[in-house]
Amino acid sequence: MPTDTRRIRGPEVSQSPSLFQCGPAVVPPSHGARADGRQRDQVDVRPVFVRCGLVSQAKGSAYIEAGDTKLLCSVYGPKETERKDETDMKCGRLTTDMRFAPFSCPERGSWIQGSQSKSFSLMLQESLQPALCLHKYPRSQIEVNVMVLENSGSVQAHAITCASLALADAGIEMYDLVLGCSIRQDGSSYVVDPTYLEENNWSSSEHQGGLTVAFLPSLNQVSGLQSDGEMTEETLSAGIRTCIEGCYKLYPVIQQALVKAVRRAAPPPPES
Amino acid sequence: MATVKVSEAEKVYILHGIRDDLRVDGRSCEDYRHMEVETDVVSNTDGSARVSLGHTAVLVGIKAEIGKPRPLVPDEGYLEFFVDCSANATPEFEGRGGEELGIELSNTLYRVFNNKSSVDLQSLCISAGEHCWVLYVDVLLLQCDGNLYDAISVAIKAALFNTKIPRVHVSSDEEGGKEVELSDDPFDCVRLNVESVPCIVTLCKVGHRHVVDATLQEKACSVASLIIAVTHRGTVTCAKKVGGGSLDPESVFEMTEAGKRVGKALHAPLMKLLQQEESLGKKRQKVGFLG
């Protein structure tokens with residue numbers, strides 16, 4: 001894979017001890033209940049903890065925890081853009097950067113491969129762009145930085161949710177919140193909001209794959225879609241419908257968190 | 001991507017035409033442009049193919065090298081993709097300009113081939129844990145007129161069909177180590193089974209309809225596109241939305257269904273053409289780049 005020449009990794013002489021495991025790796029079962037007690041074949045997302053306004057230096061920020069997955073997002077801007085010659089004078093520009101902490105995954109540094117992190121950032125940008133009123137910020141740049149502190153599955157989906165929450169916290173004008181949801185298809189059954197083990201389990205069944213969808217609930221628009229593995233087209237469509245349902249389930253929680261953050265930041269009503 | 005500036009009047013013209021299933025060059029919404037495929041164009045590679053789709057021209061070269069297998073899958077070989085956007089295509093690609101597009105295209109190719117059945121990776125293993133074949137698939141963009149994903153995927157399929165991997169056998173020497181020996185006959189080689197290699201179909205949403213194989217002008221009128229990689233059996237190995245706009249869920253379902261239909265129909269004529277070209281052998285007329 002093309003590596004990122006700007007970030008210096010350590011020397012490649014060390015290996016993770018999990019490669020030297022004696023017995024076969026623990027394979028999560030493909031039928032019956034999931035490891036954390038949730039149901040398969042049902043829209044059972046992990047309970048989510050969100051909080052806005054954690055990073056004091058940033059214009060807006062958000063922190064999301066879903067199961068063991070932890071993400072932090074901060075938004076800077078709108079600020080004057082550096083490269084004036086390329087800017088479209090009529091609307092602003094959104095730049096995204098999604099990074100993984102080296103200790104976030106079971107194998108150290110496995111995500112610090114520049115091109116893979118680029119593809120996450122690109123999907124984040126494509127998912128957020130339709131929701132922002134960029135025409136209201138001409139000649140400006142809005143920066144979104146997502147840092148994954150712990151990767152325990154469906155990182156892309158939660159990053160999208162976290163980023164749109166941080167943008168709302170920063171006061172950037174938006175048409176709607178963008179929510180993300182992902183599923184993992186394994187043969188004939190699917191699991192919503194998979195954990196790391198469920199995501200990386202390559203069992204021997206015919207059709208398995210993962211799907212991440214970014215959705216704008218009030219406008220009923222799909223702003224991001226990414227799938228890999230192999231699935232039939234009917235499974236893909238059913239998976240998209242399931243993800244949309246998952247997004248609707250998450251919507252009230254995110255709205256609540258945003259309202260709480262606005263209340264906290266607003267000045268108290270004057271004593272009359 | 002190389003872009004063209006389209007005026008408002010042109011946009012309206014293209015939009016209205018597509019609404020009535022008539023595109024600027026007379027095609028219907030699901031027709032491809034004239035496609036030419038030729039394999040074995042570069043003699044230094046183990047497999048190569050040239051595809052020209054309208055004015056888009058792509059050259060793929062595959063080289064097979066012996067390397068160490070990945071630690072997690074010791075009994076499989078692997079493929080490495082690299083897309084180079086040459087400055088020949090447009091001046092925007094000069095220097096590092098084409099790097100971003102190249103990385104995006106390679107990442108999508110990794111995603112498309114990231115499954116068990118596209119290429120039989122276990123046939124690329126020489127000795128488990130020590131030696132395996134690594135296929136370096138290098139894509140060169142020569143001319144850019146829209147619809148890069150489709151042209152690249154057809155070229156990769158043709159180049160993989162054309163790839164001749166030399167036959168090796170492993171022998172153990174005196175100290176017990178393994179030695180890899182190439183067979184003496186230069187024509188003794190292994191071919192790959194490319195039946196399940198997927199083809200990518202790009203569908204651009206223009207107005208309320210979608211078009212297959214959009215030119216640069218049509219791309220400038222669309223806000224979002226859907227890329228879908230389909231095998232000959234109709235399984236989808238990758239679906240991705242690109243572009244800065246959003247899509248209605250109903251459009252997404254419509255587009256995936258159309259993409260699957262178009263993609264599935266692409267495989268049979270392509271395989272027939274490749275087999276026909278192969279069967280001509282020495283008598284084949286080489287067209288090359290100036291034909």
Side-chain angles (χ1 to χ4, degrees), chain A residues 1-2 15-16 18-20 25 94 107 114-116 118-120 122-123 125-132 134 175-176 178 200 202 204-216 219-241 243-244, chain B residues 70-74 78 80-83 99-100 102-108 110-118 196 198 223-231 233-261 263-264:
Chain A
M1 261 203 201
Q15 289 176 315
S16 162
S18 58
L19 291 170
F20 298 94
L94 172 72
E107 285 88 38
S115 58
Q116 240 185 358
K118 209 116 214 288
S119 84
F120 281 112
L122 192 60
M123 202 214 163
Q125 182 182 20
E126 285 175 350
S127 308
L128 294 172
Q129 208 164 337
L132 296 179
L134 286 172
Y175 292 114
D176 193 4
V178 189
N200 294 359
W202 291 108
S204 55
S205 50
E206 253 283 310
H207 295 293
Q208 50 170 324
L211 170 67
T212 305
V213 171
F215 188 63
L216 283 76
L219 298 175
N220 194 32
Q221 294 275 307
V222 170
S223 69
L225 172 68
Q226 204 169 40
S227 89
D228 65 353
E230 1 166 29
M231 290 184 270
T232 57
E233 185 253 322
E234 292 83 20
T235 328
L236 182 66
S237 307
I240 297 175
R241 288 199 178 89
C243 283
I244 291 177
Chain B
R70 296 214 165 109
L72 289 169
V73 274
Y78 54 97
E80 291 276 350
F81 294 96
F82 177 65
V83 179
E99 201 179 300
E100 228 178 85
I103 291 180
E104 192 191 325
L105 289 165
S106 348
N107 280 335
T108 310
Y110 276 113
R111 201 175 270 276
V112 167
F113 283 85
N114 183 24
N115 59 71
K116 285 193 295 279
S117 51
S118 297
S196 303
V223 286
S225 325
L226 191 70
I227 291 171
I228 179 163
V230 188
T231 61
R233 262 186 258 124
T235 44
V236 173
T237 64
C238 170
K240 199 166 132 155
K241 174 232 151 210
V242 286
S246 62
L247 294 168
D248 210 69
E250 291 307 319
S251 317
V252 174
F253 299 138
E254 235 178 71
M255 282 158 85
T256 49
E257 204 241 298
K260 172 193 163 190
R261 202 178 352 118
K264 212 166 156 186

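So that the names make sense, note that chain A is the first sequence line, chain B the second, and so on, each numbered from 1.
The closest side-chain heavy-atom distance from B/Lys240 to A/Met123 is not below 4.5 Å. Two residues are said to be in side-chain contact when any heavy atoms from C-beta on lie closer than 4.5 Å; B/Lys260 and A/Glu234 meet this criterion. No side-chain heavy atom of B/Thr235 sits less than 4.5 Å from a side-chain heavy atom of A/Met231. Put simply, the side chain of B/Pro249 does not reach to within 4.5 Å of the side chain of A/Ile240, judged on heavy atoms.
With a 4.5 angstrom heavy-atom cutoff, B/Val230 does not touch chain A via any of its atoms. Within the 4.5 angstrom heavy-atom criterion, only side-chain atoms of B/Leu226, from C-beta onward, approach chain A. Neither the backbone nor the side chain of B/Glu250 comes within contact range of chain A; no heavy atom of the residue lies under 4.5 Å from a heavy atom of that chain. Proximity to chain B (any heavy atom under 4.5 Å) is restricted, for A/Ile244, to the side chain, taken from C-beta onward. Proximity to chain A (any heavy atom under 4.5 Å) is shown, for B/Val236, by both the backbone and the side chain.
Note that the CD atom of A/Gln226 and the SG atom of B/Cys238 stand 7.0 Å from one another [nearest 0.5 Å]. Considering CG of A/Leu219 and CG of B/Asp248, their distance stands at 10.5 Å, rounded to 0.5 Å.
Between A/Asp228 and B/Arg111 the shortest heavy-atom distance is CB-CG, 3.5 Å. The minimum heavy-atom distance between A/Pro130 and B/Lys241, with the atom names listed, is CG-NZ, 4.5 Å.
In terms of heavy-atom pairs under 4.5 angstrom with chain B, the leader among A/Thr235, A/Asn220, A/Leu236 is A/Asn220. Counting heavy-atom pairs closer than 4.5 Å to chain A, the top residue among B/Gly234, B/Ala224, B/Gly243 is B/Gly243.
Not a single donor-acceptor pair under 3.5 Å links the side chain of A/Lys118 to the backbone N or O of B/Glu104. A side-chain donor-acceptor contact under 3.5 Å links A/Ser227 to the backbone of B/Ala239.
Donor-acceptor pairing under 3.5 Å is recorded for the side chains of B/Ser117 and A/Glu230.
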